[in-house]
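The structure appears right after this line, and notes come after that.
Here is how names work: the chains are called A, B, and so on, in the same order as the sequence lines, proteins then strands, and each is numbered from 1. Any value given below was found using the heavy atoms of this structure, including those in side chains, with hydrogens, waters and symmetry copies removed.
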Amino acid sequence: VPAAPFVPLGCDDPESEAAAEVAVNYINGHSHHGYKFALNRIENIRVVPQGPNNNIMFLELDLLETRCHVLSPTPLENCTVRSFTEHAVEGDCDIKLQKLDGKITVLATKCHSHADSSEDVVQLCPDCPLLTSLNDTEVTTTVTAALNAYNSKTAGAYLQLLEIGRAQIQYEPAHIVYAEFAVAATNCSAEEAKDNVEACQPLPDDQSNFGFCTATTVTRPTEDLKVDCQLYGHQVPTPDAPLLSRVFQPTSIS
Amino acid sequence: PVAKRAVAQHDKEPHLVSPPLLCPGKVRHFKI
């Protein structure tokens, strides 16, 4: 029986989209820093037949950063892609997959992420705050002050900083520093941490012991600090919602 | 006598239309 003619896959074919979904889930599942990424476009796909029902696939994907931290239990489909005006971050990925008897597995991935150019953001949105360096002094000061404020006013586990995920500074008309950061709960209360913070150890590496905070400091015209933290272990299911779409119970301190 | 050479009229012959572009695919959100 002659072999069926090889038909190249299109980037929007269902088979390509299925492979891209597996790849994006793999990338997010194996990332330990930053945010989950969502598929924006399949740039290219190449299929190399290996035998009956056995193909190697090479995918090139264009991804966009979402608002969900990689430690967040929120499923990717419920994560909002960051808008252009938030100063979007793009991920370019090359993925090698195998499709064997209909089952797709990831063999290798290589990704690079980069923020959109500041010039592009300013051109379309002159007043939008731009992403700034995560180790900027104003950013680290804001995060430290926010976490201290949260810990000092909240009963429960003392929270430790895991990583700063994003930061933006706006200079006009007000001077505002905005930062997002991931936290881990420790075995100390805030009160215990006051005496000996070095003795506080992160709780077991379980998703429920992590959380995510946003902090905003205004230094001009008036001074203000606001912090919001969501602990992933403190999710409260809404009565009429399925478990997967439950909402966070945020704690806010001003 | 000078005879005119026949020139393929791509836009008039449907069988010579370019195949649809397979890649890249559609942009789901926005392109940076």
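- Between A/F84 and B/F30, the closest heavy-atom pair is N-CZ, 3.6 Å.
- Annotation: B/K26, atom NZ; neighbour count of heavy atoms from other residues, nucleotides and ligands within 6.0 Å is above 12.
- Interface residue A/E17: only side-chain heavy atoms are found under 4.5 Å from chain B.
- Looking only at distances, a side-chain donor or acceptor of A/N40 sits under 3.5 Å from a matching main-chain atom of B/H29.
- The number of heavy-atom neighbours closer than 6.0 Å to CZ of B/R28, taken from other residues, nucleotides and ligands shown, is above 12.
- No more than 12 heavy atoms of other residues, nucleotides or ligands shown are found within 6.0 angstrom of CD on A/E21.
- Proximity to chain B (any heavy atom under 4.5 Å) is shown, for A/S117, by neither the backbone nor the side chain.
- Taking CG of A/D13 as the start and CG of B/L22 as the end, the distance is 7.5 Å to the nearest 0.5 Å.
- Side-chain contact between B/V27 and A/D62: absent, with no pair of heavy atoms (C-beta onward) separated by less than 4.5 Å.
- Between chain B and the residues A/D120, A/V81, A/N44, the largest count of heavy-atom pairs under 4.5 Å involves A/V81.
- Contacts between A/R82 and chain B at a heavy-atom distance below 4.5 Å involve the backbone alone (N, CA, C, O).
- The two residues B/C23 and A/E43 have their closest heavy-atom pair at CB-O, 3.6 Å.
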